[in-house]
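For reference, the structure is listed below as structure tokens.
Residue numbers begin at 1 in each chain, while the letters A, B, ... track the order of the sequences. This structure is a prediction, so every number in the text was calculated from the model and none was measured.
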Amino acid sequence: KLPVAERRGIPHHLMDFLSVRDDTTVAAFQQMARAAIADIRSRGKLPILVGGSGLYNRAAIDVLEFPGTDPDIRAALEQDLERDGLAVLLARLRAVDPVSAERINDGKRVVRALEVHALTGRPFSSFMPDREYVSPTVQIGLNGDRAELHGRLARRVHTMVRDGLLNEVESLVPQGLREGRTAHKALGYQQFLRVLDGESTVAQASEETIVGTRQFARRQLTWFRADPRVNWLDWAQPDLGAAAAALVASAVPA
RNA sequence: GGCAGAUUACCCGAGUGGCCAAAGGGGGCUGACUGUAAAUCAGCUGGCAACGCCUUCACUGGUUCGAAUCCAGUAUCUGCCA
């Protein structure tokens with residue numbers, strides 16, 4: 001997170017409004033993000049989304065409809081998965097939704113697809129619309145030399161550790177960090193929680209966080225590279241700010 | 001100085017005569033992704049003009065139809081004795 005002091009008075013939305021105990025879902029984020037965007041627009045301002053979560057990003061700006069969820073159905077399916085294995089669940093899915101069964105090879109996704117079918121009576125695949133903007137959006141992706149990226153990520157983690165990541169994690173435990181379903185799996189939290197448990201060391205957790213961050217960065221690249229709407233800029237180019245501003249200006253009516 | 005052991009692909013680590021370009025893991029690369037997404041999952045990973053060919057298992061030489069695997073010497077590392 002950008003420190004408040006460096007935000008130059010620009011309001012940042014949807015930050016520091018959840019506790020580590022709370023779970024988040026894309027569907028909830030979608031509502032909150034769109035509400036924030038509408039609010040900013042209503043004041044005649046330009047909303048800027050910053051972040052690297054592909055699905056969350058699309059949920060905010062694309063036509064994405066999330067069929068509901070049911071904790072009981074899901075819990076039952078998760079039990080089935082554990083007991084019967086992926087192949088059996090995939091076979092069950094194939095019977096009701098061959099399209100999804102063909103695409104999915106992942107335990108969590110079969111569970112979700114079966115859940116949606118049980119809940120709505122419709123195949124999960126029928127909820128997949130074409131990609132479409134909710135409103136005109138300029139997407140800008142930053143990329144650069146891979147070796148330098150790796151160096152930067154390592155330095156970033158070392159800085160976080162130096163600035164007290166372990167203490168932060170420790171202070172969040174009493175606030176329910178271990179109870180939530182989402183926050184405790186975040187990069188850094190996940191690894192440093194194990195230090196508190198005596199199962200890891202600061203050095204080891206740092207290294208694992210660096211590796212995890214590197215792998216995450218690669219997945220971000222994979223996600224956004226698949227979206228032809230993304231305009232890629234090299235972070236090293238000298239006129240970076242101007243180039244980004246030009247992209248925005250070309251799409252925003254004067 | 002003496003004795004014992006180790007040396008495998010980017011890293012760790014199996015493999016002790018043919019089924020070995022060499023298990024497995026890590027890392028890396030590529031991809032997937034619609035209510036856990038900083039999550040979850042899949043494929044590839046010696047080289048190449050690639051259903052085959054070439055170069056690898058510290059180095060040199062030897063045994064054998066055939067060696068990462070056996071023998072000898074050399075180098076480096078480790079343990080015990082001094």
Hey, is the side chain of [X] poking within less than 4.0 Å of OP1 or OP2 on [N], counting only N and O atoms?
{"X": "A:R214", "N": "B:rC29", "answer": "no"}
{"X": "A:R103", "N": "B:rC33", "answer": "yes"}
{"X": "A:R219", "N": "B:rC33", "answer": "no"}
{"X": "A:R109", "N": "B:rG35", "answer": "no"}
{"X": "A:Q30", "N": "B:rG35", "answer": "no"}

Between B:rU34 and A:R58, counting only base atoms on the nucleotide and side-chain atoms on the residue, is there a donor-acceptor pair under 3.5 Å?
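Flag unset: no donor-acceptor pair detected.
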Taking N and O atoms by type only, does the side chain of A:R218 place a donor or acceptor under 3.5 Å from a partner on the base of B:rU30?
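Checked by distance alone, the answer is yes.
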Does A:Q215 reach a base, just sugar-phosphate, or nothing at all? Heavy atoms under 4.0 Å.
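A:Q215: backbone/sugar contact only, no base atoms under 4.0 Å.
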Just to be sure I understand the rule, does A:H184 reach a base, reach only the sugar-phosphate, or reach nothing, if contact means heavy atoms closer than 4.0 Å?
nothing
Of the candidate nucleotides B:rG28, B:rU34, B:rC41, which contains the atom at the shortest distance from the side chain of A:D106?
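Of the candidates, B:rC41 comes closest.
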Please name the nucleotide paired to B:rC80 by Watson-Crick or G-U wobble geometry with both distances under 3.5 Å, or report none.
B:rG2
Nucleotide paired to B:rU56 in any strand shown, Watson-Crick or G-U, under 3.5 Å
none
Heavy-atom side-chain proximity of A:S53 to A:N57 below 4.5 angstrom
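SC-SC contact between A:S53 and A:N57 ruled out.
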Tell me: CD of A:E78 to C1' of B:rU40, nearest whole Å?
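Distance, rounded to whole Å: 12 Å.
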Atom CZ of A:R112 to atom C1' of B:rA39: distance rounded to whole Å?
15 Å
Gap in Å between the two C1' atoms, one belonging to B:rU69 and one to B:rU64, rounded
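Comparing C1' positions in B:rU69 and B:rU64 gives a spacing of 13 Å.
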When the C1' atoms of B:rA72 and B:rU78 are considered, how many whole Å apart are they?
23 Å
If you look only at pairs with a residue in residues 163-222 of chain A, which of them pass as a ring-ring contact (aromatic ring centres under 6.0 Å, His included), with sequence neighbours excluded?
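Those involving residues 163-222 of chain A do not exist here.
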Check ion pair A:R43-A:D39 (N to O, under 4.0 angstrom)
yes
Where the chi angle of B:rC51 falls, syn if within 90° of 0 and anti if not:
syn
